[in-house]
Structure formats: structure tokens, C-alpha cells
Amino acid sequence: MQDIDEEEQSLFEAPPLAEQERMVEAVLFATSEPVTLRELESRMPHGSDAGEAIALLRRRYEGRGVQLMKVGDAYALRTAPDLGFLMRKETVEQRKLSRAAIETLAIVAYHQPVTRAEIEEIRGVSVSRGTVDQLLELEWIRFGRRKMTPGRPVTFVVTQEFLDHFGLESARDLPGLKELRSAGLLENRPPPGHLPGPDGADDPEEEASTGQSELFED
Amino acid sequence: MQDIDEEEQSLFEAPPLAEQERMVEAVLFATSEPVTLRELESRMPHGSDAGEAIALLRRRYEGRGVQLMKVGDAYALRTAPDLGFLMRKETVEQRKLSRAAIETLAIVAYHQPVTRAEIEEIRGVSVSRGTVDQLLELEWIRFGRRKMTPGRPVTFVVTQEFLDHFGLESARDLPGLKELRSAGLLENRPPPGHLPGPDGADDPEEEASTGQSELFED
Amino acid sequence: MADTIFEQDRTAVAERLAAEALIVDVDGFEGPLDLLLTLGRTQKVDLRKISVLQLARQYLAFVEKAKALRLELAADYLVMAAWLAFLKSRLLLPPDPADEGPSGEELAAHLAFQLERLQAMRDAAARLMARDRLGRDFFARGQTQDMQRTRRVTYTATLLDLMQGYARIRTRDEFRPFVMDRDAVYTMEQALERMRGLIGFAGGWSDLTSYLPDGWGADPVRRRSATASTFAASLELVKEGHLDIRQAEAFAPIELRRKD
């Protein structure tokens, strides 16, 4: 059945690439959210190659007042950053983040996937619920998969909204990531012997239970 | 004063037209409302000619997936009208017809042409407007000719669409009561406890209402 | 000469002020590591070349001062102080060959690493926040054309549904049960009228059932209806103040008496 379907469908030719480019342009223009290739193709006529159309469109918008940006595995049109001064009226009041929240965000971004215990180990203080909640609420971080360590603690990773907000194609494009990695500063070195601090990692049981209860509360 | 100001400002040259075009593009992209030339110029550096930038931009978007449109005395970017289909997503949801609608439909089919009063008499309950409207909307019933009785009430009959949907050549093809019974469709008798008798008839009022609603369930 | 003394004094004052500022600000620190980082910065060297021994001294001195000022320090600051005192002794004393734990240098190196890593994350956070940001420096489409989601609802029914529906109605017709057996109903109005005539004679307690009308006691259906309405009528008369009513216990006979 599948084969017949596919044969049948391939009888309808996909529209010319220039037309596909127009379609991608229209769809990206219509929304403020990044759109994935899959979503694009699901809207376009069968046989369309959204990826190629995107590549064309991206070139077309190079140097324009509006630019095609890659955000994770999605695409979005955004105004060129050098023209921000024209948009003072449109500026959204940005919520001030606490220093703890900013640091926690950076640690999640650079160390992801990272557990709460690891964040605490790096910052040297316990992470308050409110801090994590605020970042989750902004949809800048989300829960990742559990770590395969004793207690299987949950991890945090950054989201597509985070990438979109900071104009990043992927978390690999974080500023200074390479330097930090080669300097060994993204490692999670175990302390020799025992260091004091709020790292609850002494007791994996406890870590597991707090991690879980936090995930399942609220 | 005014004159001096203007003189001073004209010392700063307006940005090149290509740059002005970028600016107009970014503003039209990011604003939620169409923007007038005046508004554009108030945002752009002094000496800019928004009108000319608009003309350039308009030409640039000719034939693209997005177009620069004039809306009253303001300007806006809009997706090309021929691509509107990309912005629509249709989901079809199938629902089962309600019991009241099926019974009403059945009565129209078996008794046509039939008035609303007759339907109510046969069903033993009043027929809601919504039920009739729904069947009319589905084009399964339509108004027939008026009855030659006092008040000349309208009648309902089933439609060709009805026959098509149920795979019938004509309403006369509907099976009769005897056939229904021999097909086992009439075995739906009320349980003996509900038969009238010295035990059951404590409160005839109640019997009437529960008896009906019970018949309608299952 | 006088100048240098004055100079020394001045630095001493500045140091004291700085130390006091630190202490007063202790709430502003996010834990011992943050405090260590701030203290480390006063060494004015690359964090990688920091003297952990000196840092430990600075920290311990800080804690001492806080104690002298009777400031309450959180437990984790004191734990860190104890650990740094231990580290200090490790760094100062020649290593004990019998000791299997990590050397003072290893511990110091790890603390230096922690400080450097925390500083690196702070720098990274600052760089991140300084990036061009959506809604501040670059902007999304202002005039979104949300996807029109049209939901078309279609209704279906099968021929079987239709026939069963019709069968249901016709079946009901055949067994139309609405035969009103008015004969078996004794209304409350009837009972009330009867009772009003009888209560005048009820001087002493008498059973409710003795008030049932003639001919309603034998047939169970009629008896039930008459009992119910007589009881309801009695309650009505109690409410009006004409009757007393009583029942010794559940299911015991209900008795009535005229009220004077």
C-alpha cells in the first residue's frame, strides 16, 4: 500500500524551487515562532524540499533588514541586530534576572545536561527552587533526561526559546565555549578526598529523592 | 530656533538609500500595525526619505512570498495572497450523531412528510430546535410542503444526500417494523419490572419520566 | 619618613574599611566559594596563580573578624573555615608518608580549579547577557498571521443506528405503560379532610393505622398509599398545633393524640 501511495504521490510534481522559496518565505513571515523543516514540509505541497528552499531564502536575505536565522532545528525571520535602535517602541520590557538565575542559566547552557547537584557544586551554594522555577517559566531551560549515575538524577538543558532569545543557532555556538572546554573549565572534576560545600553528592540516595520530588511536585 | 536646529541636523547626512530600505524593511517587519510614512521617518535618521525607500522595497518584494501593501495611508508587509492556503490547516473531526438526532431523523425517514408536532408525538418528548437545525445543516432533511391541516404546519422530508449517505435508493427501501423485529432489532423491550401493574404503578408521574429516560439510555 | 608612616596608616585604614565592608556585606555573598573568589581577587593575580595558602589565611582572618564583631555566620561558612584550617596545616607541614589521603597541593589545586571555574561561568554569563537579544536588539515578526485552524466537524450515523433508533421508539409505543391507576391512590387532601373530622375524638394516644379509611387496609398498594397520606396529613396537623405525635422507636407504631 505504502509503495503505491508513494508512486501515486510522486506523479504530482513538486512546485519549482523558486516557488518553494516563496512558500517558505510566506510561512516564516506569518509567524513569530521558529518553524521546523518538518512543519514547513507538512504545509508545502508533497515532494517539496524545505531545506533547499531555506538555503536559497537565507542567501536572499543576507545583508537585508530582516534575516533568516537558524534556531536549534528550526528557522525564523528576525530583524537585523544593528537596526534595533529603530525598534525602541517594540522593545519588550525584559524581566530582570537575579545574579543567581543568570549564573544558573549560564551553567546549564555551558555544562548541559547538568544536574542540580552539579550546578550547586559549581556555584558553591544550593540552588533555590525559585531560581530554577524562574528559568523554567521563561522556558529557557527544561528537564533533560536522567543521568545514568546512582540515583538517576534529572538534568537540565537549555531550550529552543533560549537559543532564539540569545540569537544562537545551537548551544555549540555559545560564546567562548571552545576556550572554556580546552581550559578544562567545563569538566566536572571530582574533588580529591572530601571538600566541604553544599554538594549533596555524598549521598546519592538523597540527591535522587530531592531531584525526583522536585520534578514531580507542582 | 527651529531653523538653526534644522540647519544643524542637515549637517549629518542621511544614510544611503539602500540602508534606508533596510530600515524600512525591519520596521515594517517588526511592528504589529501598518506604519505611515510620517511614523517611518520619525524613527529613521534625519533626512531619510521613507517614501523612496518604500518604493525600492516594494519593488524588491515583487513576486515574492511576501508583499509590501499600502493600507490606507500606511504600509505593511503581508504574505502573498496566492499563498494563503499555506496558512490554513484543516482538521476534520468525525462525531457520532446524538441519539435525539438519530431518532428524529429516523422518524422523518419512516413517516415523511412529517410535522414537528408529529415527531414530538411519536418520540414522546419535544424536539429541540438544535436537533432539527443540525439535520437541516447536514442536508439530511429538508422542508417538505405544508400540511393541509389547520395551521398549515411545515413538514420535513429526507433528502437525496440522506439516501446517498445511507446507501438507499429511496426512503421506501427502509426496512419495515416486521423486518426490524426479525433482524433482532426490536428485542429492545422494556424489562418486566417496568410493565404496568399493581407493584410498579406507585407514582404514575415518575414512571412516565424515568421510563422514558431509561429507554433513551443504553 | 613621615610620609611613609602616613602612607602605611592610610593603607591600614583602607584595608580595615575593606575588611569591614566585606563583613557587613556577608549577606551579599552567595556562599563561601563566592566569598573566597572575592578575597582571591584582592591578590590581584591570575586565578591560576593564586596562592591558596594566602587565600586560606585571608578567609580565616575574615571569619575571626566576623566572630569578633559577633556576626552570625552561616554554618557552611564555618565548615569552609574548618576545612581551610585543615588545608593550611597540610600545606605548611611536611607530608606524612603514612597518610593516604590527598596531599595539600592536590586539595589546593582543586580549590583553585573551583574558583577558576566559577569565575569562568560568571564571565560566560556576562557575555551571554550582553549578546543581542530577542525583543531588545532584534525582533520577531510583529504582525503574526496565526495559522487558521479550521476544524470541520462531520457527523456520521449508520443505517443500523437509524433503524435501531426507530425501533426504540416503536417498541416504546407497543408497550406504552401509562395506565394511571387512580383507584389505588389516596391523596393527602383526602387524608387531611378525613383527619380533621376525626381528631376531635382522639383524647388519648391512638395508633395512626386506626385512622385509615375503610376499605384501604387490605390491598397492599391501597394500604401503602393511604398510610403515607394519613401520616403526611398528621404531620400537617401537628404543625398547625392540633395534634401530638410520637413513636417509641424505629418501626414502632406511630401514635396520635389531640392537643388541647
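Every value quoted in this text rests on a predicted model; they were computed, and no experiment measured them. Letters go in sequence order (proteins before strands), and every chain restarts at 1.
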Top contributor to chain A interface from C:Arg122, C:Arg136, C:Glu106 [non-hydrogen pairs under 4.5 Å]: C:Arg122
CA sep, side-chain torsions, deciding dist, call: C:Leu118, A:Glu103, side-chain contact (heavy atoms from CB on, under 4.5 Å): CA-CA 9 Å; C:Leu118 179 58; A:Glu103 278 181 27; 4.1 Å; yes
Residue among A:Ala109, A:Ala106, A:Ala80 with most heavy-atom pairs under 4.5 Å to chain C: A:Ala106
Short side-chain to backbone donor-acceptor contact, A:Thr79 and C:Phe139, under 3.5 Å: yes
Side chain to side chain, C:Phe138 and A:Gln67, heavy atoms closer than 4.5 Å: no
Selection from A:Gly176, A:Pro175, A:Ala183, A:Gly184 maximising heavy-atom pairs under 4.5 Å formed with chain C: A:Pro175
Best-contacting candidate, A:Glu179, A:His111, A:Glu33, against chain C by heavy atom pairs under 4.5 angstrom: A:His111
Best-contacting candidate, C:Gly142, C:Ala124, C:Gly135, against chain A by heavy atom pairs under 4.5 angstrom: C:Gly135
Where A:Leu168 and C:Leu128 come nearest, the two heavy atoms and their spacing: CD1-CD1, 4.5 Å
A:Arg99 and C:Asp34 ion-paired at < 4.0 Å: yes
Audit row: A:Leu77, C:Arg141, side-chain contact (heavy atoms from CB on, under 4.5 Å) steps and yes/no: CA-CA 7 Å; A:Leu77 288 169; C:Arg141 177 76 168 132; over 6 Å; no
Proximity breakdown for A:Leu186 and chain C, heavy-atom pairs closer than 4.5 Å: side chain
Working for side-chain contact (heavy atoms from CB on, under 4.5 Å), residues C:Met121 and A:Thr104: CA-CA 9 Å; C:Met121 278 303 108; A:Thr104 302; over 6 Å; no
Side chain to side chain donor-acceptor pair (under 3.5 Å) contacts in which one or both residues fall within residues 180-192 of chain A, not counting sequence neighbours: A:Glu118-A:Asn188, A:Glu187-A:Arg189
Qualifying residues under side-chain contact (heavy atoms from CB on, under 4.5 Å), relative to A:Leu37, sequence neighbours excluded: A:Leu40, A:Ala50, A:Ile54, A:Tyr75
